[in-house]
Amino acid sequence: MAHILPQTKSAGINPLKSSQPLGAAFAFLGIDGAMPLFHGSQGCASFALVLLGRHFKETIPLQTTAMDEIATIIGGRDRLEEAILNLKARTRPRLIGICTTALVETRDEDVAGDLANIKRKRATELTGTELVLASTPDFDGAIEEGWSKAVTAMIEGITRPGTQKRDPTKVVILPGWNITVADIEHLRETVESFGLTPVILPDVSGALDGTVPDHWVPTTYGGTKVEHIRDLGAAIQCIAIGEQMRRPAEALQRLTGVPYVLFESLTGLRNADRFIWLLTAMSRKQAPANVRRSRMQLQDAMLDGHFHLAGKQIAIASEPDQLFQFADFFTGMGAEITAAVTTTGTSKTLQIVPADTVQVGDLGDLERLAAGADLLVTHSHGRQAAKRLGIPLMRVGFPVFDRLGSQHKLTILYQGTRDMIYEVVNIVQANQHPPTPGALDPICSREMQNELNSSSLARQ
């Protein structure tokens with residue numbers, strides 16, 4: 001069990017984490033026809049918009065109540081109502097996801113009560129649009145908590161409660177924020193290959209996959225439909241990916257009775273096997289030939305890759321679930337996690353991270369702990385630390401803005417794990433310094449060293 005070290009610094013150096021409101025907005029972007037709305041100052045939304053835009057290289061629909069000094073003093077209820085009505089009239093969204101920021105949370109405003117009054121007062125005008133509130137103060141948690149809270153809020157606010165007639169082929173999948181666009185598409189294809197029908201919440205593969213619509217759409221286009229969220233109770237099984245998704249899975253079970261299974265990770269042979277075994281049991285079908293072939297390809301990649309990764313020292317910094325995902329992957333290939341840094345210390349996943357200690361901190365902590373490592377694993381803000389340390393960087397997580405196509409990187413199940421092995425080994429090989437012939441001959445090396453020492457003494 002890893003020993004979790006709390007953050008002790010009073011200032012962040014090269015911050016690692018992104019905020020809770022950004023995580024919640026990210027989740028709302030996976031809903032078809034949605035519009036995330038930051039309830040706070042304009043600067044909070046601008047910062048999130050820049051990060052999301054740089055990472056996905058796409059137009060991001062994101063709005064704000066733009067509270068100023070006066071609204072901060074007297075309260076933001078009027079600003080919230082005005083923003084919701086304007087969005088309804090101009091963009092006609094199917095869902096408005098409201099993400100609170102530190103500004104209104106610090107004032108301890110009753111945003112839930114204000115929203116209930118707005119719904120009651122403006123019921124006719126808001127017909128056809130769901131309003132969902134996620135309480136996500138910037139000063140607490142990180143992107144992982146924000147994502148989880150937004151998904152939980154959508155289930156609690158939209159899903160029809162009570163036991164429904166079960167569809168034996170319907171499966172609800174709750175992916176964590178670290179599951180990429182390519183991962184979600186691969187998940188869907190894999191589940192469908194067993195004759196099952198997946199409902200993925202949220203589904204960023206439909207909204208942030210780079211598809212260009214024929215006409216301008218002011219909201220998100222593609223993703224999970226609101227009516228599908230409403231009917232989640234008809235599923236036979238819920239699959240949650242990552243400890244962060246335990247809360248929404250429990251909310252769904254409490255509302256509808258749909259049981260859930262939680263996977264800490266879907267990366268690696270063992271984790272992929274568990275997932276395929278579950279699909280086999282649910283569908284009562286054997287794994288398709290392409291799935292079995294992908295497993296054999298992964299086994300071959302593991303055999304080829306372990307020669308290059310065994311004994312390598314890896315330094316990782318990321319959110320808890322992604323930290324475990326990659327730490328488990330590297331140790332499965334024979335590497336050693338010598339530095340592990342994360343954003344918050346509350347996740348139960350941190351206790352099973354295969355490292356001696358997990359430091360809650362920032363990229364300054366990673367740089368301090370990573371000296372002597374063979375590889376740095378974190379997002380694009382770690383590039384300066386990698387350069388100073390002279391260690392290659394593998395870019396993962398959010399944001400990745402200095403490389404193209406990060407959202408289309410496959411990281412899960414057999415095929416994704418195989419691709420990750422190839423990527424890591426190629427990085428390691430590209431940064432190796434092959435020894436000279438003299439260094440390989442101990443006698444020659446000793447004679448050369450003696451000559452250098454003699455020359456040095458002669459000069460003196």
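- With respect to the salt-bridge test (charged N to carboxylate O, under 4.0 angstrom), the residues K312 and E336 do not qualify.
- Salt bridge status for D365 with K9: present, with a side-chain N to carboxylate O gap under 4.0 Å.
- Summarising the geometry of P36 relative to P61, their closest heavy-atom pair is CD-O, 3.2 Å, with the distance given to 0.1 Å.
- Here E109 pairs with R107 in a salt bridge; the nearest charged N to carboxylate O distance falls below 4.0 Å.
- Atom CD of E69 sits in a sparse spot, with 12 or fewer heavy atoms from other residues, nucleotides or ligands closer than 6.0 Å.
- Among D203, V199, V191, L201, the single residue meeting the side-chain contact (heavy atoms from CB on, under 4.5 Å) criterion with I173 is V191.
- No donor-acceptor distance shorter than 3.5 angstrom exists from the side chain of E189 to the backbone of H186, with no hydrogens or angles considered.
- Every pair passing side chain to side chain donor-acceptor pair (under 3.5 Å) that includes a residue from residues 122-139 is listed here, sequence neighbours excluded: E81-R122, K88-T129, E105-S135, R122-E125, E130-R230.
- A donor-acceptor contact shorter than 3.5 Å is absent between the side chain of S41 and the backbone of M67.
- Side chains of R274 and N271: a donor-acceptor N/O pair is absent below 3.5 angstrom, by distance only.
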Go through it in stages, so that I can follow the logic: the residues are L363 and I13, the test is side chain to side chain contact (heavy atoms under 4.5 Å, CB included), and I'd like the CA-CA distance, side-chain angles, deciding distance and then a yes or no. CA-CA 7 Å; L363 292 175; I13 302 172; over 6 Å; no
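- The line from CD1 of I158 to CD1 of I155 is 9.5 Å long, rounded to the nearest 0.5 Å.
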Stepwise side chain to side chain contact (heavy atoms under 4.5 Å, CB included) test for K170 and D231: CA-CA 11 Å; K170 186 174 181 178; D231 294 332; 3.8 Å; yes
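- Screening T344, T343, N178 for a side-chain hydrogen bond (donor to acceptor under 3.5 Å, both in side chains) involving E319 leaves a single residue, T343.
- Annotation: ring-ring contact (aromatic ring centres under 6.0 Å, His included) contacts involving residues 28-55, sequence neighbours excluded, comprise H55-F398.
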Assess whether side chain to side chain contact (heavy atoms under 4.5 Å, CB included) is satisfied between E192 and T197, documenting all intermediate values. CA-CA 6 Å; E192 288 177 346; T197 304; over 6 Å; no
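- No more than 12 heavy atoms of other residues, nucleotides or ligands sit less than 6.0 Å from atom CZ of R90.
- Checked against ring-ring contact (aromatic ring centres under 6.0 Å, His included), F263 has the following partners two or more places apart in sequence or in another chain: F275.
- Salt bridge annotation for E243-R246: present, with a cationic side-chain nitrogen under 4.0 angstrom from a carboxylate oxygen.
- The shortest non-hydrogen separation linking G222 to D32 is N-OD1, 2.9 Å.
- In this structure the side chain of R94 never reaches within 4.5 angstrom of the side chain of I31, judged on heavy atoms.
- Residues I236 and M282 meet the side-chain proximity criterion, which asks for heavy atoms closer than 4.5 Å.
- For the side-chain hydrogen bond (donor to acceptor under 3.5 Å, both in side chains) criterion with E423, the lone passing option out of K409, R418, R395 is K409.
- The ring-ring contact (aromatic ring centres under 6.0 Å, His included) contacts involving residues 102-160 comprise F26-W147, where partners must be two or more places apart or lie in separate chains.
- At distances below 3.5 Å, at least one donor-acceptor pair connects side-chain atoms of Q237 with backbone N or O atoms of P259.
- Within a 6.0 Å sphere centred on CD of Q42, other residues, nucleotides and ligands contribute 12 heavy atoms or fewer.
- Taking 4.5 Å as the limit, some side-chain heavy atom of V428 sits within range of a side-chain heavy atom of L309.
- Atom CG of D356 has 12 or fewer heavy atoms from other residues, nucleotides or ligands within 6.0 Å.
- The side-chain heavy atoms of M394 and V424, taken from C-beta on, include a pair separated by under 4.5 Å.
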Could you walk me through whether D328 and R270 pass the salt bridge (charged side-chain N to carboxylate O under 4.0 Å, His left out) check? CA-CA 10 Å; D328 185 59; R270 181 182 64 253; 3.2 Å; yes
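- Closest approach of L393 and A386 over heavy atoms only: CB-CB, 3.8 Å.
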Step by step, work out the side chain to side chain contact (heavy atoms under 4.5 Å, CB included) result for T417 and L269. CA-CA 8 Å; T417 306; L269 181 62; over 6 Å; no
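- Taking the side chain as every heavy atom from C-beta outward, I98 and V132 never approach each other to under 4.5 Å.
- Salt bridge annotation for K17-E144: absent, with no cationic side-chain nitrogen under 4.0 angstrom from a carboxylate oxygen.
- Between I241 and L174, every side-chain heavy-atom pair lies at or beyond the 4.5 Å cut-off.
- The two residues P21 and C99 make their nearest non-hydrogen contact at O-SG, 4.0 Å.
- Here ring-ring contact (aromatic ring centres under 6.0 Å, His included) pairs that include residues 355-394, with residues two or more places apart or in two chains, are H379-H381, H381-F401.
- Checked by atom type and distance alone, the side chain of T224 pairs as donor or acceptor with a backbone atom of I200 at under 3.5 Å.
- The shortest side-chain heavy-atom distance between D362 and V341 does not fall under the 4.5 Å cut-off.
- For the atom pair OG1 (T190) and CD (Q415), the distance works out to 8.0 Å, reported to the nearest 0.5 Å.
- For the residue pair T411/D183, the side-chain donor-acceptor check at 3.5 Å is satisfied.
- I84 CD1 to K119 NZ: the interatomic distance, rounded to the nearest 0.5 Å, is 9.0 Å.
- Rounding to the nearest 0.5 angstrom, the gap separating the CG atom in L376 from the CD atom in Q313 is 12.0 Å.
- Closest approach of P320 to T349, counting heavy atoms only: O-CG2, 3.9 Å.
- Of the possible donor and acceptor atoms, none in the side chain of T267 sits under 3.5 Å from a partner among the backbone N and O of Q325.
- A donor-acceptor pair is defined here as one N or O able to donate and one able to accept, closer than 3.5 Å; no such pair exists between the side chain of S205 and the backbone of I184.
- Counting only residues at least two apart or on different chains, no ring-ring contact (aromatic ring centres under 6.0 Å, His included) pair has a member in residues 326-353.
- Separation of atoms CG (L131) and CG (L80) is listed at 8.5 Å; rounding is to 0.5 Å.
- Partner R79 forms a side-chain hydrogen bond (donor to acceptor under 3.5 Å, both in side chains) with one of T65, T64, D68 and no other, that one being D68.
- Formation of a donor-acceptor pair under 3.5 Å by the T169 side chain with backbone atoms of L196 is not found in this model.
- When side chains are defined from C-beta on, L232 counts as touching I229, because their heavy atoms get closer than 4.5 Å.
- Taking each heavy atom of G305 and I421 in turn, the nearest pair found is CA-CG2, 4.1 Å.
- Atoms CG and CG, on D273 and L266 in that order, are 11.5 Å from each other to the nearest 0.5 Å.
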